[in-house]
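Below is one structure; the comments refer to it alone.
Side chains included, hydrogens not; waters and symmetry mates left out as well; all remaining heavy atoms used. Lettering follows sequence order; numbering is per chain, from 1.
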Amino acid sequence: MDFNHKLITWYSDKKRELPWRETSNPYYIWLSEIILQQTQVKQGLPYYDAFVTQYPTIFDLANASETSILKLWQGLGYYSRARNLHFTAKHIVNELDGKFPNTYKDLLKLKGVGDYTASAIASIAFNEVAAVVDGNVYRVLSRYFGIETPINSTLGIKEFKSLASTLIDHKQPATYNQAIMEFGAIQCKPKNPDCTVCPFQDSCVALQNQMVDVLPVKLKKTKVTVKYFNFLVFMDPNKKHFSKNALKKVFGNISFNFL
DNA sequence: AATCCGGGGTG
DNA sequence: CACCCAGGATT
């Protein structure tokens with residue numbers, strides 16, 4: 001409970017003022033959460049403003065063309081998010097009578113809404129006790145409790161979700177969830193966290209054991225990329241030089257070393 | 001369980 | 001340039 005109290009106090013003191021924190025309208029909360037998936041606030045904010053301006057209600061979004069939505073999404077990346085956003089808007093308007101699902105269980109059924117986003121909307125918009133576990137939460141919890149279970153392992157995902165569920169403040173789940181994510185985003189950062197001014201200096205296991213820079217643990221993804229590819233080119237005797245552009249037409253944008 | 005999807009950030 | 005960040009869908 002000391003953890004929760006300090007966290008929420010820190011949040012009251014240090015949180016950023018953001019437009020989706022001025023509302024509990026599930027449409028706006030949902031919109032902001034989809035935009036902020038894999039996206040930093042700084043990058044997503046102008047897109048959020050543009051969407052709210054152009055599509056003030058879920059009915060406006062549902063009635064829009066996919067082309068116009070994708071155009072407004074341009075530059076954000078992960079374009080399936082925009083297509084799922086449109087699909088779900090139409091689904092809620094046409095199949096759910098325009099009524100936004102209001103429980104974690106029902107939110108989870110929406111396309112483009114997984115465990116994290118369902119928990120975020122349920123807690124922030126409806127004050128349901130549903131613990132969020134995003135990248136920030138993995139980092140804060142693994143460091144504070146000194147947990148070395150890889151966050152991208154099946155066991156890790158279960159462990160952190162379970163821990164987050166035991167920690168969430170039942171009296172103010174919306175504030176608690178936003179506090180722990182905000183803390184991870186702007187203080188307990190991936191690189192160079194501000195440990196010198198951290199309210200958890202005396203209780204953070206990672207800080208006391210010099211493990212801040214190794215937590216959270218993540219499994220390597222042994223991605224094998226082809227680094228060298230040797231081949232022979234027989235020269236056209238009528239030509240005096242190789243053309244890199246000619247090779248580019250055959251192999252695409254691969255860099256070549258001529259030995 | 002592994003892979004893909006797009007950008008931005010960092011060293 | 002190489003590598004990291006990371007939620008959800010898909011296979």
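Taking atom CG of residue L70(A) and atom P of nucleotide dC5(B), one finds them 16 Å apart after rounding to whole Å. K218(A) places its NZ atom 14 Å from the P atom of dA2(B), with the value rounded to the nearest Å. One can place CG of D213(A) at 15 Å from C1' of dC4(C), the figure rounded to the nearest angstrom. At whole-Å resolution of the value, NZ in K191(A) and P in dT10(B) are 11 Å apart. Nucleotide dC4(C) holds its P atom 17 Å from the CD atom of Q40(A), rounded to whole Å. Whole-Å rounding puts the R139(A) CZ to dC4(C) P distance at 15 Å. Between the P atom of dT10(B) and the CG atom of N192(A) lies a distance of 10 Å, rounded to the nearest Å. As a whole-Å value, the separation of N152(A) CG from dT3(B) C1' is 13 Å.
When the C1' atom is used for both dC4(B) and dC5(C), the distance is 15 Å, rounded to whole Å. Rounded to a whole angstrom, the distance from the C1' atom of dG7(C) to that of dT10(B) is 22 Å. Rounded to whole Å, the C1' atom of dA6(C) lies 14 Å from the corresponding atom of dT3(B). For dG8(B) and dA9(C), the C1' atoms lie 23 Å apart once the distance is rounded to whole Å.
The environment of CD in Q40(A) is sparse: at most 12 heavy-atom neighbours from other residues, nucleotides or ligands sit within 6.0 Å.
Contact check on R16(A) versus E182(A) returns a salt bridge, with a Lys/Arg side-chain nitrogen under 4.0 Å from an Asp/Glu carboxylate oxygen. A salt bridge links K6(A) to D202(A): one of the charged nitrogens lies within less than 4.0 Å of a carboxylate oxygen.
Residues I147(A) and L215(A) have side chains not in contact (no heavy-atom distance under 4.5 Å, counting atoms from C-beta outward). Looking only at side-chain heavy atoms (C-beta outward), N136(A) and C188(A) stay at 4.5 Å or farther from each other.
Set against dG11(B), dG8(C), dG9(B), the side chain of T117(A) has dG8(C) as its closest nucleotide. Comparing dG11(B), dG6(B), dG7(B) by their nearest atom to the side chain of Y78(A) picks out dG6(B). Closest contact between the side chain of Y79(A) and the listed nucleotides dG8(B), dG6(B), dC5(C) involves dG6(B). The Q43(A) side chain lies nearest to dG7(B) when the options are dG7(B), dA6(C), dG6(B).
Between Q37(A) and S153(A), the one whose closest nucleotide on DNA chain B sits nearer the 5' end is S153(A). Across the interface with DNA chain B, nearest-nucleotide mapping of Q38(A) and K42(A) shows Q38(A) to be the residue nearer the 5′ end.
If you check every strand for non-hydrogen atoms under 4.0 Å, R83(A) touches nothing.
The side chain of R81(A) contributes no N or O atom lying less than 4.0 Å from OP1 or OP2 of dG6(B). Considering only side-chain N and O atoms, K189(A) lies nowhere under 4.0 angstrom from the phosphate OP1 or OP2 of dC5(C).
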Go through the steps for Q37(A) and Y116(A) under the test side chain to side chain donor-acceptor pair (under 3.5 Å), then give the verdict.
CA-CA 10 Å; Q37(A) 284 170 6; Y116(A) 162 74; over 6 Å; no
